[in-house]
Amino acid sequence: GRVPPLQQTQPRVSCIRHSKISSRLDHSRSCSSSNDAEEKPHRDLVIKGFTNNLSVTFISNTHTVRTATQKHHYTDPKAIEMLGQSLSAVSLLAAYLKGEERITARFSGSIEVVAEALKLGEVRGYVDKKEMQEPISLGHGSMTLTKVLYYMAKPITGTVELQKDVPSTFREYLRLVDQIPSIVHLETLVGPNNQVTFSGGFIIQSLPHTPHDMIPSLQASIDKMPSMASLLKGDSLYRMFEKYLPPDEVATMDIKKDVTGNAVDFICRHSFDGLRNALASLQRDEIEQLDFEKNPITCSYCSTNAPFTVQEILQSHDQRQTQSLDPTPT
């Protein structure tokens, strides 16, 4: 049979911002119902493969992270780095999902960072700038990871305490919740004018039969290596397998057959339709008090403002009132 749409099982994600009405409109907040995904001229890439003892995923997503930070007009290098690393991590983990299955990571500490990715390669995210304090850091708190999967009635959720940074927090999650020894390496480099000059990373995980000392030994070796940005410069992402993995593990792979991948883009399929209807259901005097110029309604994931005016909401409100007074035909 046809797989049911994920929207039916997607957990509520707050993605519409407005200072006065946010608490009234939780039920209308959906960023996943529009089909007008923007096409990009350049596509980043995530690839995954298996050796005899390891599961390995690499990502190169400089353009995607640069697009995300430009849409949000972020100016703090640390905020840009944390968002870039989070987008990379959820894209790497989403590589093991199917179709429109999705994974969302929410960091709740000194600041809030949210990143969401689909297996299809779509990714989006934001840093909540409301309570940013210098110096910016994750601080104390937790990271919650939520997976929305086909044929699962409820999302799968796990939570861990925040660690010193984004990579170590994801590593702790994989160790404690998924119970898989893992190497998590995430790089987002920020240059002059807060421009993202590189973003990428990888996750290497053990398999059930992997020797217990393999991951720690490989981690120690990787810690001594140059940055991924320097190793990838002018080279193919597929070459990272032989650069980061032990030769005897790479020898068990056929890169052309055993490695799969897909493009990655920053895409926010937000929709304001539900919000428009919810606003139209308010009292007329409440609608008249709204001021979208001073307090715009904005999608948290991509900073796009709602494309309607107070007058349009009033017209929708009056139409609803007129329809409710019409007698029901018999």
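It should be emphasised that the depicted structure is a prediction, and the values quoted were computed from it without experimental measurement.
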note = With sequence neighbours left out, the residues meeting side-chain contact (heavy atoms from CB on, under 4.5 Å) with D254 are K256, K257, D258
query = Do side-chain atoms of T169 reach the backbone of Q163 as a donor and acceptor pair under 3.5 angstrom?
reply = yes
request  = Before giving the answer on side chain to side chain contact (heavy atoms under 4.5 Å, CB included), spell out for N262 and L120 the whole-Å C-alpha distance, their side-chain angles and the decisive distance to 0.1 Å.
outcome  = CA-CA 7 Å; N262 56 267; L120 293 175; over 6 Å; no
ask   = About how many Å separate CD1 of I103 and CG of L92, when rounded to the nearest 0.5 Å?
value = 10.0 Å
key: Residue pairs passing the ring-ring contact (aromatic ring centres under 6.0 Å, His included) test where at least one lies in residues 210-229, sequence neighbours excluded   = none
query = Crowded around H209 NE2? As in, over 12 foreign heavy atoms under 6.0 Å?
reply = yes
task = Determine the minimum heavy-atom distance between T157 and T146, stating which atoms define it.
result = OG1-OG1, 3.5 Å
key: Check: T67 and T64 side chains under 4.5 Å, non-hydrogen atoms   = no
note = Here the pair of heavy atoms bringing K119 nearest to G99 is CB-O, 3.2 Å
message = Evaluate N53 against E249 for side-chain hydrogen bond (donor to acceptor under 3.5 Å, both in side chains), listing each step before the verdict.
response = CA-CA 7 Å; N53 295 295; E249 289 296 317; 2.7 Å; yes
inquiry  = Distance check, rounded to the nearest 0.5 Å: Y74 atom OH versus T69 atom OG1?
reply    = 9.0 Å
task = Heavy atoms only: give me the nearest S182-R171 pair and the separation to one decimal.
result = O-CD, 3.5 Å
query = Which pairs pass ring-ring contact (aromatic ring centres under 6.0 Å, His included) with one or both residues in residues 81-123, sequence neighbours excluded?
reply = F107-F170
message = Counting only heavy atoms not in E312 (residues, nucleotides, ligands), do more than 12 fall under 6.0 Å from its CD?
response = yes
inquiry  = My understanding is that only one of V264, V196, D44 makes a side chain to side chain contact (heavy atoms under 4.5 Å, CB included) with H63; could you say which?
reply    = D44
inquiry  = Please evaluate residues S227 and S230 with respect to the criterion side-chain hydrogen bond (donor to acceptor under 3.5 Å, both in side chains), reporting the C-alpha separation (whole Å), side-chain torsions for both, the decisive distance (0.1 Å), and the verdict.
reply    = CA-CA 5 Å; S227 68; S230 61; 3.2 Å; yes
key: T62 side chain to S199 backbone, donor-acceptor under 3.5 Å   = yes
remark   = T197 meets the side-chain hydrogen bond (donor to acceptor under 3.5 Å, both in side chains) criterion, sequence neighbours left out, with none
task = Spell out, as yes or no, whether a donor-acceptor pair under 3.5 Å connects the side chain of E101 to the backbone of K98.
result = yes
task = I would like to know whether S142 and V160 meet side chain to side chain contact (heavy atoms under 4.5 Å, CB included); could you show each step before the answer?
result = CA-CA 6 Å; S142 62; V160 295; over 6 Å; no
query = Of R124, R106, K147, which is the lone residue that meets salt bridge (charged side-chain N to carboxylate O under 4.0 Å, His left out) with E116?
reply = R124
Worked check of side-chain hydrogen bond (donor to acceptor under 3.5 Å, both in side chains) between S88 and N61 = CA-CA 7 Å; S88 297; N61 61 343; 3.0 Å; yes
inquiry  = What I want to find out is whether K78 reaches E81 closely enough, with some N-O distance under 4.0 Å, to be called a salt bridge.
reply    = yes
key: Stepwise side chain to side chain contact (heavy atoms under 4.5 Å, CB included) test for V259 and K48   = CA-CA 6 Å; V259 177; K48 67 174 181 179; over 6 Å; no
ask   = Taking it one step at a time, do E172 and R175 satisfy salt bridge (charged side-chain N to carboxylate O under 4.0 Å, His left out)?
value = CA-CA 5 Å; E172 186 72 354; R175 184 182 72 87; 2.8 Å; yes
note = By side-chain hydrogen bond (donor to acceptor under 3.5 Å, both in side chains), T210 pairs with (sequence neighbours left out) none
inquiry  = Is there a side-chain contact between S206 and I180 in this structure, where contact means two heavy atoms from C-beta onward sitting under 4.5 Å apart?
reply    = yes
task = Test side chain to side chain contact (heavy atoms under 4.5 Å, CB included) on D235 and L231 and set out the steps.
result = CA-CA 7 Å; D235 210 339; L231 291 177; over 6 Å; no
L162 to G109 - nearest heavy-atom pair and separation = CD1-CA, 3.8 Å
inquiry  = Going by the rule ring pair (Phe, Tyr, Trp, His ring centres under 6.0 Å), which residues pair with F202 if we only count those two or more places apart in sequence or in a different chain?
reply    = F58, H185, Y244
query = Between the side chains of Q289 and D285, is a donor N or O closer than 3.5 angstrom to an acceptor N or O?
reply = no
